[in-house]
K.L.:
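One structure follows; several queries about it will come next.
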Amino acid sequence: MAQPLKLYNTLTRRKELFEPLNPPYVGMYVCGPTVYNYVHLGNVRTFLTFDTLFRYLTHIGYKVRYVRNITDVGHLVGDGDEGEDKIGRMAKLEKLEPMEIVQRYTNNFHQVTEQFNILPPSIEPTATGHMVEQIEAVEKLLEKGLAYESNGSVYFDIEEYNRRGGRYGKLSGRILDDLLNETRDLEGQSEKRNPLDFAIWKRAAPEHIMRWNSPWGEGFPGWHLECTCMSTKYLGTQFDIHGGGMDLKFPHHECEIAQGDGLTGHDPVRYWMHSNMLTVNGQKMSKSLGNSFLPSELFTGDHYLLEQAYSPMTVRFFMLQSHYRSTLDFSNEALKAAQKGYRRLANGLRVIKTMTYQPNDAIAPDQAKQEDIRQAIQSFYDALNDDLNTAVGIAQLFTLLKYVNMLYLNQLQGATLGEETFTLLKESFVTFFEDVLGLQEEGVTSQPVLEGLLTLYREYKEQKQYDKVDQIRSYFKAQGLSIKDMKHQIDWAYEE
């Protein structure tokens, strides 16, 4: 690789050389979903971003422990310290036990990640499964004088933390005085010494369903505390990468830094990474605007903004075509273009897997073509090493596709490339497509059936039974496939 891996660190606001604490081992934590409703596309983009990072780090030789939590308690409506628990609220509406809600939407989350070919993490801990660790963390912060009890709740003391050298707001770039002015008039802050102080343990109101015994009475942990406790339990008091959506920078990740620093005396994370938000036709995606849609609606096309259905791999490819730190705009035009691009690459994948090198001593390897292929491969790595720039990486994959298609159409012989370059082309194309970008072929369930139909297609053409030829063509088209009549063969392909 010509250049080392650099990642954009939200904390320092610049790209930095990636130097893990204990190479070749890498610790990575990503905030998982709050499982009170169906997973939305903003979630998917975040998890897809860090799935790609997980895949790439593994590909270039790192041994990654990837921790992604499930939030099943403590996340209140409005993301603040007052109000109902999101899961408890849904449990009341549905007249179910909270853990039934948790199980239902955890199952949905896993189903969606599987549809998008997002790999499972190394560890997937839950907040309710780490209540002991969270209570111990609250006790330790109280002992250190960085938290205080008030009416059965415990709050982190921002003023005391800053007095001891902390800098609350450094991740998001928010100035403390400005934050105070924004929160000064909020109601429900009477328990707090400072309106910015955040709950690390909340007293459970009589109507609150989810509650645990603690030294401060019955209650539940604050939303921010779970990630601090679970990340440090499985990755250590300092680890390499913490990821999440841009919306989590403040207050969630800001609070994690303060808690972690307060508990250990140092920043918990080396590299903070955040994926950007989604828009629809230039507008922010939100339920209130009626322009948000679930993954299932994308797959069926059952939404008034969608002109057709789009497959999981089309959407994954679409997301990868944009840098993870840039805003991603959904539109039918963009999704259709992504569908065409994905299918072109999928066709290339299918045919390159079947190719074998055929030596020909009468042909001299073409040095220019060899160099072009090697340069495209190198440029792919350069792109991914430049803060995971999958958009530029995909462009290099299309350069490789050009040579795959030339070989397929007999416009180029493998011997022209030489055995070493041919093998490099084949292995790199497959690896980049499947292992690094996480794309896969979809929509074809029975290769033998297709091959059998192609055999009949050839026979009917020879017999000039064109009505049956048309019937087979129509069948392929209904499956999103097309039949290719070429000079040297008849084959099928994904319809572009």
Side-chain angles (χ1 to χ4, degrees), residues 111 114-117 296 298-302 308-318 335-360 397-398 400-415 417 422-423 425-435 437-496:
Q111 179 186 17
E114 191 173 313
Q115 287 171 320
F116 281 105
N117 197 29
S296 59
L298 270 175
F299 304 156
T300 61
D302 186 18
Q308 63 176 67
Y310 300 98
S311 71
M313 287 303 103
T314 292
V315 180
R316 181 174 181 119
F317 181 78
F318 168 70
L335 285 165
K336 287 175 184 176
Q339 177 177 272
K340 186 173 182 179
Y342 159 71
R343 288 179 175 177
R344 284 177 61 197
L345 289 172
N347 282 326
L349 178 77
R350 187 181 68 82
V351 298
I352 193 67
K353 280 184 171 182
T354 65
M355 290 182 188
T356 57
Y357 180 75
Q358 302 296 327
N360 188 336
L397 200 56
F398 276 106
L400 298 181
L401 177 66
K402 176 181 70 174
Y403 289 100
V404 171
N405 287 337
M406 288 171 70
L407 290 167
Y408 177 60
L409 297 171
N410 280 349
Q411 296 170 352
L412 183 70
Q413 292 192 41
L417 302 178
F422 174 88
T423 302
L425 169 65
K426 180 175 181 176
E427 292 179 351
S428 297
F429 192 92
V430 174
T431 298
F432 293 165
F433 186 96
E434 293 184 331
D435 298 343
L437 298 178
L439 297 165
Q440 56 187 187
E441 292 184 81
E442 61 185 1
V444 177
T445 56
S446 179
Q447 296 274 2
V449 169
L450 296 181
E451 296 302 327
L453 286 171
L454 284 183
T455 299
L456 288 173
Y457 179 86
R458 294 185 194 96
E459 292 176 359
Y460 290 145
K461 280 200 74 174
E462 290 170 0
Q463 298 166 7
K464 298 184 178 181
Q465 297 187 47
Y466 297 119
D467 56 333
K468 294 182 178 179
V469 167
D470 290 340
Q471 285 178 5
I472 295 175
R473 278 192 173 278
S474 296
Y475 173 82
F476 273 75
K477 187 175 180 61
Q479 308 304 311
L481 310 173
S482 61
I483 295 176
K484 302 289 185 183
D485 285 292
M486 296 174 285
K487 289 182 180 179
H488 61 291
Q489 65 174 321
I490 295 174
D491 202 357
W492 66 268
Y494 300 101
E495 198 168 49
E496 296 175 11

K.L.:
For Gly348 and Leu401, which heavy atoms make the closest approach, and how far apart are they?
P.N.:
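Heavy atoms of Gly348 and Leu401 come nearest at CA-CD1, 3.6 Å.
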K.L.:
So, taking the atom named CZ in Arg473 and the one named OH in Tyr460, what distance separates them when rounded to the nearest 0.5 Å?
P.N.:
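Output value for this atom pair is 15.0 Å.
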K.L.:
Side chains of Asn347 and Tyr408: do they bring a donor and an acceptor to under 3.5 Å?
P.N.:
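Distance-only check fails for Asn347 and Tyr408.
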K.L.:
Give, for atom CE of Met313 and atom CG of Leu345, the distance between the pair rounded to the nearest 0.5 Å.
P.N.:
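The CG atom of Leu345 is 13.0 Å from CE of Met313, to the nearest 0.5 Å.
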K.L.:
Between atom CD of Gln440 and atom OH of Tyr342, what is the distance when rounded to the nearest 0.5 Å?
P.N.:
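That separation rounds to 7.0 Å.
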K.L.:
For Phe318 and Ala338, which heavy atoms make the closest approach, and how far apart are they?
P.N.:
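Residues Phe318 and Ala338, closest heavy atoms: CB-CB, 3.6 Å.
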K.L.:
For the residue pair Phe116 and Phe299, is the inter-centroid distance of their aromatic rings smaller than 6.0 Å?
P.N.:
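Yes; Phe299 has its ring centre under 6.0 Å from that of Phe116.
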K.L.:
Check the pair Gln339, Gln308 against side-chain contact (heavy atoms from CB on, under 4.5 Å), reporting the backbone distance first and the verdict last.
P.N.:
CA-CA 11 Å; Gln339 177 177 272; Gln308 63 176 67; 3.1 Å; yes
K.L.:
Nearest 0.5 Å please: distance from the CG atom of Leu425 over to the CD1 atom of Ile352.
P.N.:
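One gets 5.0 Å once the value is rounded to the nearest 0.5 Å.
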K.L.:
Verify the neighbour count for atom NZ of Lys477: are there more than 12 heavy atoms of other residues, nucleotides or ligands below 6.0 Å?
P.N.:
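Result for NZ/Lys477: open.
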K.L.:
Is the Phe429 ring parallel, tilted or perpendicular to the Phe433 ring (thresholds 30°, 60°)?
P.N.:
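Parallel.
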K.L.:
Do Leu453 and Trp492 have side-chain heavy atoms sitting under 4.5 Å apart?
P.N.:
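Leu453 vs Trp492: side chains apart.
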K.L.:
Look up atom OG1 in Thr314 and atom CZ in Arg343, then write down how far apart they are to the nearest 0.5 Å.
P.N.:
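Between atom OG1 of Thr314 and atom CZ of Arg343 there are 6.0 Å.
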K.L.:
Between Tyr494 and Glu496, is there a side-chain heavy-atom distance shorter than 4.5 Å?
P.N.:
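Counting from C-beta outward, Glu496 and Tyr494 never come under 4.5 Å.
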K.L.:
Kindly compute the distance separating CG (Asp435) from CD (Glu427), expressed to the nearest 0.5 Å.
P.N.:
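Output value for this atom pair is 11.5 Å.
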K.L.:
Taking the side chain as every heavy atom from C-beta outward, state whether Leu450 and Leu481 have any pair of such atoms under 4.5 Å apart.
P.N.:
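Side chain of Leu450 against side chain of Leu481, heavy atoms only: contact under 4.5 Å found.
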K.L.:
Do any N or O atoms from the side chain of Lys426 and from the backbone of Met355 form a donor-acceptor pair under 3.5 angstrom?
P.N.:
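Side chain of Lys426 to backbone of Met355, a donor-acceptor pair under 3.5 Å: yes, one is there.
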K.L.:
Is it the case that more than 12 heavy atoms not belonging to Lys336 sit under 6.0 Å from its NZ atom?
P.N.:
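Atom NZ in Lys336 is crowded, with more than 12 foreign heavy atoms closer than 6.0 Å.
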K.L.:
Can a donor-acceptor pair be found, under 3.5 Å and without considering hydrogens, that links the side chain of Arg316 to the backbone of Leu437?
P.N.:
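Judged by distance alone, yes, a pair lies under 3.5 Å.
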K.L.:
With a 4.5 Å cut-off on side-chain heavy atoms, are Leu439 and Leu349 touching?
P.N.:
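They are not in contact (no side-chain heavy atoms under 4.5 Å apart), so the answer is no.
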K.L.:
May I have the step-by-step check of side-chain contact (heavy atoms from CB on, under 4.5 Å) for Arg350 and Glu441, ending in yes or no?
P.N.:
CA-CA 8 Å; Arg350 187 181 68 82; Glu441 292 184 81; 3.6 Å; yes
K.L.:
Among Asp467, Asp485, Asp470, which residue meets the salt bridge (charged side-chain N to carboxylate O under 4.0 Å, His left out) test with Lys461?
P.N.:
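Of all the options given, the one that passes is Asp485.
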K.L.:
Classify the ring geometry of Phe422 against Tyr357: parallel below 30°, tilted from 30° to 60°, perpendicular beyond 60°.
P.N.:
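Ring orientation, 0 to 90° scale: tilted.
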